[in-house]
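This report refers to the structure that appears directly beneath it.
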Amino acid sequence: MRFALAIFVWLSVIAPAEAGVKPQAPAQNPPPLPGLPPLVLAGGTVIDVTDWGRSAKDLQDAVVIIQEGRITDVGPRSLVAIPPNARVIDCTGRYLIPGLVDGFAGMNSQGQANANLYMGVTTVVASSDERRGPIDFTASPSPHLYLLDSVGTTDNWSLLIKRPEWAAKLKVGAHPVELSLEETARQINDAAHMGTRVLWIGHNITAANTQWIISRAHQVGLITYGEFVATPYSVGVEAGVDALLHMSKYELGLIPDELQRPLADDPNGPAANTAYDYSERLPPTDLHIRTYARFLAAHHAALMPTFSIYYLRLPEHRNLWNEPAASLLDPKGLWAPSDPKTGEHVYPLAPWTRRLPGSTQRWMQDNQRKKADLEAMRLWRINQAIFTGSPRYLAASGAPVLGTMPGISMHTELELLVRLGLSPREALAAATNNFAIQFGWNELGQIAPGRRGDILVLDADPTANIWNARRIVTLIEDGNVIDRDGLMNLKAPAASPAPAGAVR
């Protein structure tokens with residue numbers, strides 16, 4: 001029966017779609033105007049971010065030529081001739097890196113788009129969900145938006161739900177439910193044809209459906225992110241999922257079978273709470289963590305930890321509202337933002353506590369903070385142990401939730417990757433060329449011929465100190481020099497109130 005159903009799905013859904021128009025990504029910024037003279041960056045050092053950041057063949061006194069939004073030539077000044085009609089930027093003594101990629105974030109306003117660009121984020125894998133709000137497709141200027149959508153489940157935030165044929169099918173009732181195999185096949189095809197780049201496999205997707213989704217997504221050229229609960233992590237990883245999302249989620253791969261089995265029927269209830277509690281309390285020296293780390297490193301999946309979501313609960317954090325780009329952000333467009341005065345997480349109390357003495361309320365808030373900080377440190381130590389197995393990493397901020405901020409939190413993510421144990425060069429690779437290696441997105445990630453003209457010119461060496469990745473003197477997107485000071489003058493209202501939907 002399962003075989004017959006699969007044949008029916010292929011004949012009625014998949015085969016006809018493959019004969020249609022090739023999926024196209026939605027337009028973002030206006031394309032570079034043809035006929036403009038080439039842009040040349042001369043005299044700087046091109047930072048090597050290839051081979052997962054393990055290569056260090058930096059190119060000094062380089063010439064980089066960009067024509068019609070694409071890099072056409074890269075080489076030493078002695079070998080690459082500068083066209084006589086070129087616009088030349090002198091980069092002597094400076095360092096060139098590709099534009100940064102935020103592998104998972106929202107972007108619900110022009111202010112958030114500007115903050116991303118100001119901080120050097122030129123590509124965002126954008127999620128529309130109940131915490132991050134709707135994606136602002138009208139923002140201009142904007143980073144390149146690579147769309148992410150849920151798959152295999154009802155979801156009020158699906159990018160497809162506004163289509164009449166999907167509106168009733170995707171609407172969430174009491175709780176999200178899995179779609180049938182036929183419905184999921186149609187969903188994947190429609191998502192691909194509307195320009196979606198990434199499919200999010202969420203909590204309630206069971207093992208057999210996860211395996212089928214990953215296989216089918218890869219057939220149509222889509223990337224898969226796993227945030228598994230009902231599916232065992234071993235199943236998703238062995239099926240070839242491309243990335244595992246959130247440091248607070250993929251530790252579920254450590255739970256024993258007797259805790260995993262109930263999750264197929266209870267992915268968001270007491271069984272899940274028990275499983276998370278078990279995994280978070282494992283000592284970092286536990287043999288299961290080292291075994292899991294080696295398992296991850298031996299398979300295709302990369303880790304996308306979104307450490308920044310826990311940044312304010314970890315030691316040595318700072319007030320991100322003091323960042324210049326924070327002035328672009330409306331707190332109403334951030335989910336659970338930090339206190340603008342202190343930069344610390346806000347731990348709201350239940351309304352009934354207002355009748356208690358002030359000292360009691362402060363004690364209750366301090367107790368919440370201590371519990372949250374303890375949870376963060378447990379997760380951090382597990383991730384330190386996982387790091388010893390040498391898995392592959394991709395950078396993502398998870399913004400704008402739980403104190404994270406668009407653009408700004410990409411740099412806290414880089415800082416935390418270095419704190420974990422990556423070299424600054426490896427952290428830069430996690431935010432640039434690792435996406436090309438892992439996902440086949442060869443239009444970005446390197447300063448090399450054929451890649452998109454998204455380049456940051458820095459006034460200090462980011463491989464010596466990851467903080468130097470913030471020291472941007474020239475921002476280039478699609479071969480266009482963007483006025484960073486001008487970005488600070490543009491603001492937009494926050495997103496509309498959010499309906500209920502899947503939590504990512």
Heavy-atom pair with the smallest gap, counting every atom of [X] and [Y]:
X	Y	result
S150	D155	OG-OD2, 2.7 Å
W157	G133	CZ3-C, 3.6 Å
L329	P406	CD1-CD, 3.9 Å
P400	R132	CD-CG, 3.6 Å
L117	S142	CD1-N, 3.8 Å

State, with a plain yes or no, whether a side-chain heavy atom of [X] is found less than 4.5 Å away from one of [Y].
X	Y	result
L244	K249	no
V198	Y146	no
T154	K169	no
L41	V63	no
W212	I188	yes
F228	H203	no
Y310	L402	no
F307	W380	yes

Practice item. Any pair with a residue in residues 81-105 that passes ring pair (Phe, Tyr, Trp, His ring centres under 6.0 Å), sequence neighbours left out, goes on the list, sorted by first then second residue, please. Key: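 Only F104-H246 qualify under ring pair (Phe, Tyr, Trp, His ring centres under 6.0 Å).
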Rounded to the nearest 0.5 Å, how far does [atom2] of [Y] lie from [atom1] of [X]?
X	Y	atom1	atom2	value
S397	I309	OG	CD1	7.5 Å
I89	I455	CD1	CD1	9.5 Å
N116	M410	CG	CE	9.0 Å
I466	E413	CD1	CD	11.5 Å
L199	H218	CG	NE2	9.0 Å
D73	I66	CG	CD1	11.0 Å

Applying the side-chain contact (heavy atoms from CB on, under 4.5 Å) test to [X], which of [options] qualifies?
X	options	answer
L159	T196, L170, L148	T196
R451	N433, L444, V74	N433
L303	I386, L394, L245	I386
I205	V151, T153, T184	T153

Check your understanding: Would S308 and T412 satisfy side chain to side chain donor-acceptor pair (under 3.5 Å), going step by step from the backbone distance to the final call?
Key -> CA-CA 6 Å; S308 291; T412 62; 2.7 Å; yes
Point to revise | R197 charged N/C atom sitting above W441 aromatic ring, 6.0 Å / 45° | key: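 That pair qualifies as a cation-pi contact.
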**Study point:** Lys/Arg cation over aromatic W467: R470, 6.0 Å, 45° cone
**Key:**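 That pair qualifies as a cation-pi contact.
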Backbone N/O of [Y] and side chain of [X]: donor-acceptor pair under 3.5 Å:
X	Y	result
D478	G69	no
Y393	A431	no
N108	I135	no
S327	P324	yes
Q438	D242	yes
D149	A191	no

Check your understanding: D58 and T45: side-chain donor and acceptor closer than 3.5 Å?
Key ->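 Not at all, the side chains of D58 and T45 share no donor-acceptor pair under 3.5 Å.
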Practice item. Run the numbers on W166 and D190 for side chain to side chain donor-acceptor pair (under 3.5 Å), then give the verdict. Key: CA-CA 10 Å; W166 283 107; D190 286 359; 2.8 Å; yes
Exercise for review: Apply side-chain contact (heavy atoms from CB on, under 4.5 Å) to W200 and T224, showing your working.
Suggested key: CA-CA 6 Å; W200 175 76; T224 53; over 6 Å; no
State which residues pass side-chain contact (heavy atoms from CB on, under 4.5 Å) with [X]; sequence neighbours excluded, sorted by chain then number.
X	result
T72	I65, Q67
P232	A207, S234, V235, Q260
P98	V49, T432, I447
K162	none

Review point. Where do Q112 and L334 land on the side-chain contact (heavy atoms from CB on, under 4.5 Å) test, with the steps shown first?
Key: CA-CA 10 Å; Q112 293 188 10; L334 312 178; 3.8 Å; yes
When you check the gap from the basic side-chain N to the acidic O, do [X] and [Y] get nearer than 4.0 Å?
X	Y	value
E426	R54	no
K57	D51	no
E182	R186	yes
D459	R471	yes

Which pairs would a plain distance check flag for residues 118-127, meaning a side-chain donor or acceptor within less than 3.5 Å of a matching protein atom at least two apart in sequence or in another chain?
from: T123; atom 1: OG1; to: R452; atom 2: NH2; distance (Å): 3.0
from: S127; atom 1: OG; to: D129; atom 2: OD2; distance (Å): 2.6
from: S127; atom 1: OG; to: R504; atom 2: NH1; distance (Å): 3.1

Exercise for review: Check step by step if side-chain contact (heavy atoms from CB on, under 4.5 Å) holds for L456 and T474.
Suggested key: CA-CA 6 Å; L456 311 181; T474 304; over 6 Å; no
Exercise for review: Would you sort out whether T210 and T231 count as a side chain to side chain donor-acceptor pair (under 3.5 Å), showing the intermediate values?
Suggested key: CA-CA 7 Å; T210 290; T231 293; 2.8 Å; yes
Exercise for review: Check the pair V418, S423 against side-chain contact (heavy atoms from CB on, under 4.5 Å), reporting the backbone distance first and the verdict last.
Suggested key: CA-CA 6 Å; V418 171; S423 70; over 6 Å; no
Check your understanding: Under 6.0 Å from the CD atom of E316, do we count more than 12 heavy atoms belonging to anything else shown?
Key ->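 Not more than 12 within 6.0 Å, no.
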Review point. Do other residues, nucleotides or ligands put more than 12 heavy atoms under 6.0 Å from Q384 CD?
Key: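 Counting neighbours around CD of Q384, more than 12 heavy atoms of other residues, nucleotides or ligands fall under 6.0 Å, so yes.
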Check your understanding: Between S109 and D136, is a side chain to side chain donor-acceptor pair (under 3.5 Å) present by the stated rule, with each step listed?
Key -> CA-CA 5 Å; S109 69; D136 185 352; 5.8 Å; no
